[in-house]
Amino acid sequence: MLTVKILLAEDVHMIRGALVALLHLEPDLRVVATVDRGDTIVAAALEHRPDVAVIDIDLPGTDGLTAATELRMRVPTCRSLILTALGRPGILRRAMTAQVDGFLLKDSPPDQLATAVRNVAAGRRVVDPQLAVTAWESPNSPLSPRELEVLRLAARGADIAEIAGCLYLSQGTVRNYLTAIVAKLGARNRIDAVRIAEDAGWIP
């Protein structure tokens, strides 16, 4: 029996321990490394050479999707399975854009995780079918790439001056972008625009 080697990236200690215990119940699955930050995933993969990386999206340091993209470039033999509580259609679309190999929700039945790991290791793509249908039917973001950049920084708490400095824009231009964003999303204000975009999965 071939053993599938797994790297697990999860920042909540209790969940990480439970997932390790769950995976070790399967005779053909073995967790060879665990990390609690997105920016340590690639280094751990280079050291332990797992077959599959099971990655949470919401990780400190680097978010899981960004880490999965880097992992694909640096360790192409390691396939990625996103395991997340963020079951929003926009998040799934971002995951597919990042070319992850699987996307599973944390509230899925426990046996589905082992099955998903095996399928991903075998070269098959795994996506929750109901979420895939919802993602297909949901609208794409009406915001331009630059507007998404502005809103992403605003979501992280940056003020107009900080956004302008990060993106090499004038403060007046940033205000214009924010006004356009609020209008396009039908939001009440900037905070509401951030909420709408996060709920849709257009920004992390």
Compare all side-chain heavy atoms of [X] with those of [Y] and state whether any distance is below 4.5 angstrom.
X    : Y    : result
Y177 : L167 : no
V100 : L65  : yes
D63  : L59  : no
K5   : H48  : no

Using the rule that Ile, Leu, Val, Met, Phe, Trp and Tyr join whenever any side-chain heavy atoms are under 4.5 Å apart, tell me whether [X] and [Y] fall into a single cluster.
X    : Y    : result
V52  : V32  : no
V4   : L83  : yes
L71  : V117 : no
V12  : I82  : no
V126 : L22  : yes

How long is the straight-line distance from [atom2] of [Y] back to [atom1] of [X], given to the nearest 0.5 Å?
X    : Y    : atom1 : atom2 : result
I15  : D56  : CD1   : CG    : 7.5 Å
L46  : I41  : CG    : CD1   : 12.0 Å
L81  : N119 : CG    : CG    : 10.0 Å
R37  : D11  : CZ    : CG    : 9.5 Å
L7   : I55  : CG    : CD1   : 7.5 Å
L151 : I181 : CG    : CD1   : 5.0 Å

Which atom of [X] lies closest to which atom of [Y], heavy atoms considered:
X    : Y    : value
D192 : A187 : OD2-CA, 3.4 Å
L185 : I196 : O-CD1, 3.7 Å
V75  : R49  : CG1-NH1, 3.6 Å
I163 : V150 : CD1-O, 3.9 Å
S108 : Q112 : CB-OE1, 3.6 Å
P50  : C78  : O-CB, 3.5 Å

Please check: side-chain N/O of [X] versus main-chain N/O of [Y], any donor-acceptor pairing under 3.5 Å?
X    : Y    : answer
E162 : D159 : yes
R124 : A116 : no
T40  : D36  : no
R79  : A53  : no
D101 : V120 : no
T66  : T62  : no

Any salt bridge between E10 and K106, counting N to O under 4.0 Å?
->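 Judged by the 4.0 Å cut-off on N to carboxylate O distance, E10 and K106 do form a salt bridge.
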Charged N to carboxylate O under 4.0 angstrom, R118 versus D28?
->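 Yes, R118 and D28 are salt-bridged.
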Counting neighbours of [atom1] on [X] that are heavy atoms of other residues, nucleotides or ligands and sit closer than 6.0 Å, is the number greater than 12?
X    : atom1 : answer
R30  : CZ    : no
R146 : CZ    : yes
I191 : CD1   : no

Side chain to side chain contact (heavy atoms under 4.5 Å, CB included) partner of I6, the single match among L19, V20, L29 |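 When side chain to side chain contact (heavy atoms under 4.5 Å, CB included) is applied between I6 and each of L19, V20, L29, only L29 qualifies.
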Side-chain donor-acceptor pair under 3.5 Å between T173 and N176, yes or no?
->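 N176 and T173 do not have a side-chain donor-acceptor pair below 3.5 Å.
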What's the verdict on side chain to side chain contact (heavy atoms under 4.5 Å, CB included) for Q99 and T69, showing C-alpha distance, side-chain angles and the deciding distance?
-> CA-CA 7 Å; Q99 296 184 298; T69 300; over 6 Å; no
